Number of protein chains: 2
Amino acid sequence: MSSSKPSATEKGPSGRPYHHGDLRRAILTAALDAIAADGPSGLSLRDLARRAGVSHAAPAHHFKDRAGLLTAIAAEGFGLLATTLRAATDLEEAGVRYVRFAREHPAHFQVMFAPELLRTGDLELTTARALASDALREAVTAVPPEGRGTDPRLAGVAAWSLAHGFATLLLGHNLEDPVGGQDPEEVFRKLARMLFRHSG
Amino acid sequence: MSSSKPSATEKGPSGRPYHHGDLRRAILTAALDAIAADGPSGLSLRDLARRAGVSHAAPAHHFKDRAGLLTAIAAEGFGLLATTLRAATDLEEAGVRYVRFAREHPAHFQVMFAPELLRTGDLELTTARALASDALREAVTAVPPEGRGTDPRLAGVAAWSLAHGFATLLLGHNLEDPVGGQDPEEVFRKLARMLFRHSG
DNA sequence: CACTCAACTTGACACTGACAAGATTGCCTC
DNA sequence: GAGGCAATCTTGTCAGTGTCAAGTTGAGTG
């Protein structure tokens, strides 16, 4: 496992190569695993270091802080969300993709909306968030406002609130009974159609 | 200085080094303050003890754990939410009250929906949650389904998702621009009317 | 080869949650 | 009123954590 890059990283006595090779990514994925399991609060940098097989202070070099690590995760999440949303054709599809993103990347999603854990002023984070925000706004304008004179900003807030609330409640296991055995995406589609009735 | 509140080191009869009087409530309110300021993750039992003027292990007697404290907060929150929702006349009003609750009790709200921080099997918590859930269900049935044959369970999920998402985004300061200077409750009323159009 | 610099380690400090055992006090009973 | 009991709170301690400072390694560059 550690011999994937034999020539560069192999070390003799201690068995631990000094240069991990891709420690940043290793710690990120380990963190995503841990967060998906126990939430962002239970995260331990030292535990991540142990999982990656490095010393306890190694993560600090790539992400300065605990907040730095979480900020990097949030930024990555907003980036992923932006590309996902940009591929949506209409607003309903954007909402479905929003919910799907939350289910497929629960760790990212949780961290993205936990402001007190993040370095909110971080440049990488704010730009990624702006990208996602733009993608959402674009999806809102793509919905045909035929026959319904709703303020597009209001429509955006409505769509975002519905998708965000549904996704959040889903991740928190608060929607067990009502959803039953149905596919969550299909359930959300029905909710979205309740919001934006195509004038029927 | 020791007339009404003698120093903590004082062990005179008028002081209260022991038997704080209402330590449980004091720690709860201190915790709510701290959570509203820094989120549940930054909570420190020792800091709460310091604020209450007791020793570092005092909280453990009332709430066994950190999880125990947060569970008590969540249970209290669900209780408050239940009484608030029960006073709603229709579903829109229930949603407005839901959002208002989140804004007036942000600490409660955050903790209520942070399952990984709670003792999910706790009896007090589950009963309080059931109360709130019943109140919501009742509000859903109170909406006149005239002309709209939507499944009531689906309508409940829709209303809950919209209110929960709006409240969550609001608390996370993600709705600054769109809402502008408008009253959040009024904005939500518009969203709710988008969902449950009263056929004009 | 010497230099440089990023990646990583070692060591230390203050802080935290949790547990155990002791101290104090209100209250209940006689 | 005296004695005892149980709840309440304290003190002491331990392992674990985040973060900083300083040292070590190794790979690339001139």
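Below, chains carry the letters A, B, ... as their sequence lines are ordered, and counting in each starts from 1. Everything quoted here is computed from the prediction, not taken from an experiment.
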So, the side chain of B:Thr29 versus the backbone of B:Ala26: is there a donor-acceptor pair under 3.5 Å, distance only?
yes
Tell me what A:Arg50 touches on the nucleic acid: a base, only sugar-phosphate, or nothing, going by heavy atoms under 4.0 Å.
sugar-phosphate
Figure out the NE2/C1' separation between A:His61 and C:dA7, and round it to whole Å.
5 Å
Taking N or O atoms only and anything under 3.5 Å, show me the protein contacts with nucleotides 18-21 of chain D, one pair per line.
| unit_1 | atom_1 | unit_2 | atom_2 | d |
| --- | --- | --- | --- | --- |
| D:dG18 | OP1 | A:Leu45 | N | 2.9 |
| D:dG18 | OP2 | A:Leu45 | N | 3.1 |
| D:dG18 | OP2 | A:Arg46 | N | 3.1 |
| D:dG18 | N7 | A:Arg46 | NH1 | 2.4 |
| D:dG18 | O6 | A:Arg46 | NH1 | 3.2 |
| D:dT19 | OP1 | A:Asp65 | OD1 | 3.0 |
| D:dT19 | OP2 | A:Arg66 | N | 3.0 |
| D:dT19 | O4 | A:Arg46 | NH1 | 3.3 |

side-chain hydrogen bond (donor to acceptor under 3.5 Å, both in side chains): which pairs involve residues 112-129 of chain B, sequence neighbours left out?
B:Asp65-B:Arg119
Starting from C1' on C:dG26, measure out to CG on B:Asp22 and report it in whole angstrom.
15 Å
What is the distance, rounded to the nearest whole Å, between atom CG of A:Leu69 and atom P of D:dT17?
15 Å
How long is the straight-line distance from CG of A:Asp183 back to CZ of A:Arg189, given to the nearest 0.5 Å?
9.0 Å
A:His62 side chain near C:dC8 phosphate (N/O to OP1/OP2, under 4.0 Å):
yes
In whole Å, what is the span from the CZ atom of A:Phe63 to the P atom of C:dA7?
11 Å
Can you check whether A:His173 and B:Phe113 have ring centres sitting under 6.0 Å from each other?
no
Between C1' on D:dT10 and CG on B:Leu23, what's the gap in Å once rounded to a whole number?
12 Å
Ion pair B:Arg86/B:Glu138, N-O distance below 4.0 Å:
no
Aromatic ring proximity, centroids under 6.0 angstrom, B:Phe101 and B:His105:
yes
